[in-house]
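See below for the structure under consideration.
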Amino acid sequence: MKQVSIFVAMAALFTVSCSNDDDGVVIEEVKGDYQNGILITNEGPFNNGSGTVTYISNDSLLVKDAIFKLENNEDLGNILQSIAFDEDRAYIVVNNSHKIHVVNRYTFKSEGVIEEGLLNPRYLTVANGKGYVTNWGDSADETDDYVAIIDLETNTVSKSIPTELGPEAITSNEDFVYVAHQGAFGQNNKVSIIDASTDVVSSTLTVGDFPNSMQWDTAGNLWVLSSGAPEYTGEETNGTLTEINTSDNSIVQTFNFETTEHPGDLSVEDDTFYFGMSNAVYTFESGLDALPTEAFINDVSFYSMTVNDGKLYGTDAKDYASKGDLFIYDLNTKELTNTISVGIIPVRYIF
């Protein structure tokens, strides 16, 4: 079963004690399950303080911030990078603190922590019964980047696979693990493919500069969005959208943006892809032969964005030191339907 960046959890009932704040949002005052709603990862302040996870019920009426600390009476650590699920466990990757918290995905109770064998971990996926975690290694060394393999029974790193510079986004199907190399503090344009049966890099594909996100279509092919090198690098390059045929791991086609166009945050629903670019949201239908020329939604700028179940979710990190906002849009009407205060630097979504 392929790993995806969004997960729709089963419904659950809550017994809660609540009070209303000034905004009319119901804040839960007792601990409970976190099944029937959305998790927002908040990076937290850079170099000090802790990242947090915000829980929001599907109807947006119930909001709980810092749920890991609420359930375990401890902080997650500095810079919460990402969360991945496997069965009833959630793996919370904390970048600057070089560790992964393992919790029950429904209660957020701690089940362990992985620290040995990680150095600047970024993202995790699960394939062939193992966890695969991208690591930047020492930020001053461009030759020590790797993917750590996690034994999910013992919560330990069992092996490391050296990789190209800057392994970042990671995803998988039943046979292979796909790693996008954005370049860490440098620059890269590769996707590494790891054979999940042998844990060896079987091939490497060249895509656009700075591949930032990957999504699957319903045919099982993988799409990679690259932002291109920004102007400040001195050698600005165009963004690209690349389709990979995962039956033979070859590039099917590549769509080129204009040199000054730098897309990001690829997401997908029913083979309609969404991405952000130039203060707007664009869509691209799988099967089309050209990139869109007109925006789907104009005059929006998000720190991060995704789509799920007919809604567009975008965040505003504000000043990167105070609580950010989550914006929810109806994809049919393209109207903003809700704004919710979340944690500091909100960036990832788990449904």
Side-chain angles (χ1 to χ4, degrees), residues 1-9 81-93 95 99-105 111-112 114 116-137 145-164 166-182 190-205 207 211-225 242-251 266-268 348 350-351:
M1 180 178 183
K2 73 173 180 247
Q3 305 297 310
V4 294
S5 58
I6 342 179
F7 182 89
V8 182
Q81 188 65 39
S82 61
I83 296 180
F85 285 155
D86 180 50
E87 296 183 353
D88 62 353
R89 283 180 170 177
Y91 298 86
I92 308 171
V93 183
N95 178 230
K99 61 184 175 182
I100 298 173
H101 289 280
V102 185
V103 302
N104 181 286
R105 66 184 291 172
E111 295 187 359
I114 306 168
E116 296 296 324
L118 301 174
L119 186 57
N120 285 312
R122 306 293 290 177
Y123 297 91
L124 181 150
T125 191
V126 175
N128 196 25
K130 295 165 286 187
Y132 294 80
V133 186
T134 52
N135 286 259
W136 282 4
D145 301 45
Y146 64 98
V147 170
I149 301 177
I150 306 294
D151 183 323
L152 301 180
E153 295 299 320
T154 62
N155 287 332
T156 58
V157 174
S158 61
K159 181 181 178 180
S160 294
I161 305 172
T163 68
E164 293 264 352
E168 186 75 348
I170 189 168
T171 189
S172 57
N173 58 20
E174 294 178 351
D175 302 310
F176 295 98
V177 176
Y178 299 83
V179 181
H181 296 270
Q182 194 164 348
K190 300 292 193 296
V191 171
S192 292
I193 302 170
I194 299 170
D195 188 321
S197 64
T198 62
D199 292 332
V200 171
V201 176
S202 60
S203 61
T204 302
L205 302 175
V207 291
N212 59 63
S213 44
M214 300 185 288
Q215 294 290 347
W216 299 88
D217 64 21
T218 56
N221 288 335
L222 184 63
W223 294 74
V224 181
L225 185 67
T242 302
E243 180 185 7
I244 298 173
N245 182 338
T246 57
S247 63
D248 61 6
N249 288 325
S250 64
I251 291 178
L266 185 68
S267 57
V268 64
R348 306 292 169 203
I350 303 93
F351 298 92

Exercise. Are V177 and V147 close enough, and set up right, to give a side chain to side chain contact (heavy atoms under 4.5 Å, CB included), and what steps lead you there?
Worked result: CA-CA 10 Å; V177 176; V147 170; 5.8 Å; no
For this session: Please report the closest heavy-atom contact between S158 and D151, naming both atoms and the distance.
Result: OG-N, 4.3 Å
Exercise. Hey, are the side chains of I251 and T242 touching, using non-hydrogen atoms and a 4.5 Å cut-off?
Worked result: yes
Problem set entry | Validation row: R348, V93 side chains within 4.5 angstrom (heavy atoms) | no
Exercise. To the nearest 0.5 Å, what is the distance between CG (D88) and CD (E111)?
Worked result: 6.5 Å
Exercise. When rounded to the nearest 0.5 angstrom, what distance separates OG1 in T156 from CD1 in I150?
Worked result: 7.5 Å
Exercise. Side chain of S213, backbone of A169: donor and acceptor closer than 3.5 Å?
Worked result: no
Seminar exercise, completed: OH of Y91 to CG of L152, rounded to nearest 0.5 Å, is 4.0 Å
Exercise. Are any of the side-chain heavy atoms of V133 and Y123 separated by less than 4.5 Å?
Worked result: no
For this session: Begin with the C-alpha distance, continue with both residues' side-chain angles, and end with the deciding distance and a verdict on side chain to side chain contact (heavy atoms under 4.5 Å, CB included) for V268 and D217.
Result: CA-CA 8 Å; V268 64; D217 64 21; 5.8 Å; no
Exercise. Short question: side chain of N120, backbone of G137 - any donor-acceptor pair under 3.5 Å?
Worked result: yes
Problem set entry | T125 OG1 to K130 NZ distance, which is reported to the nearest 0.5 Å | 12.0 Å
Exercise. Any idea which heavy atoms bring D248 and N245 closest together, and the distance?
Worked result: OD1-O, 3.2 Å
Problem set entry | Non-hydrogen side-chain atoms of N212 and L225 separated by less than 4.5 Å | yes
Problem set entry | Spacing of CG belonging to N128 relative to CZ belonging to F176, to within rounding of 0.5 Å | 11.5 Å
Problem set entry | From CD (Q81) to CD (E168), nearest 0.5 Å | 6.0 Å
Exercise. Within a strict 4.5 Å, meaning less than it, do heavy atoms of the W223 and L266 side chains meet?
Worked result: yes
Exercise. Nearest heavy-atom pair of I350 and F85: which atoms, and what distance?
Worked result: CG2-CE1, 3.0 Å
Exercise. Is the shortest heavy-atom distance from the side chain of Y178 to the side chain of N173 under 4.5 Å?
Worked result: yes
Problem set entry | Minimum heavy-atom distance between L119 and N135, given as atom pair plus value | N-OD1, 3.0 Å
Problem set entry | Verdict with supporting geometry, N155 and R89, side chain to side chain contact (heavy atoms under 4.5 Å, CB included) | CA-CA 11 Å; N155 287 332; R89 283 180 170 177; 3.6 Å; yes
For this session: Go through the steps for S192 and T163 under the test side chain to side chain donor-acceptor pair (under 3.5 Å), then give the verdict.
Result: CA-CA 8 Å; S192 292; T163 68; 5.9 Å; no
Exercise. Of the non-hydrogen atoms in D199 and I161, which two are nearest, and what is the gap between them?
Worked result: O-CD1, 3.4 Å
Exercise. Less than 4.5 Å apart, any side-chain heavy atom of L222 and any of T171?
Worked result: yes
Problem set entry | Heavy-atom closest pair, residues A148 and G117 | CB-O, 4.1 Å
For this session: Check whether any side-chain heavy atom of V201 sits under 4.5 Å from a side-chain heavy atom of I193, and report yes or no.
Result: no
For this session: Look at the side chain of D145 and the backbone N and O of G166, then say whether any donor-acceptor pair between them is shorter than 3.5 Å.
Result: yes
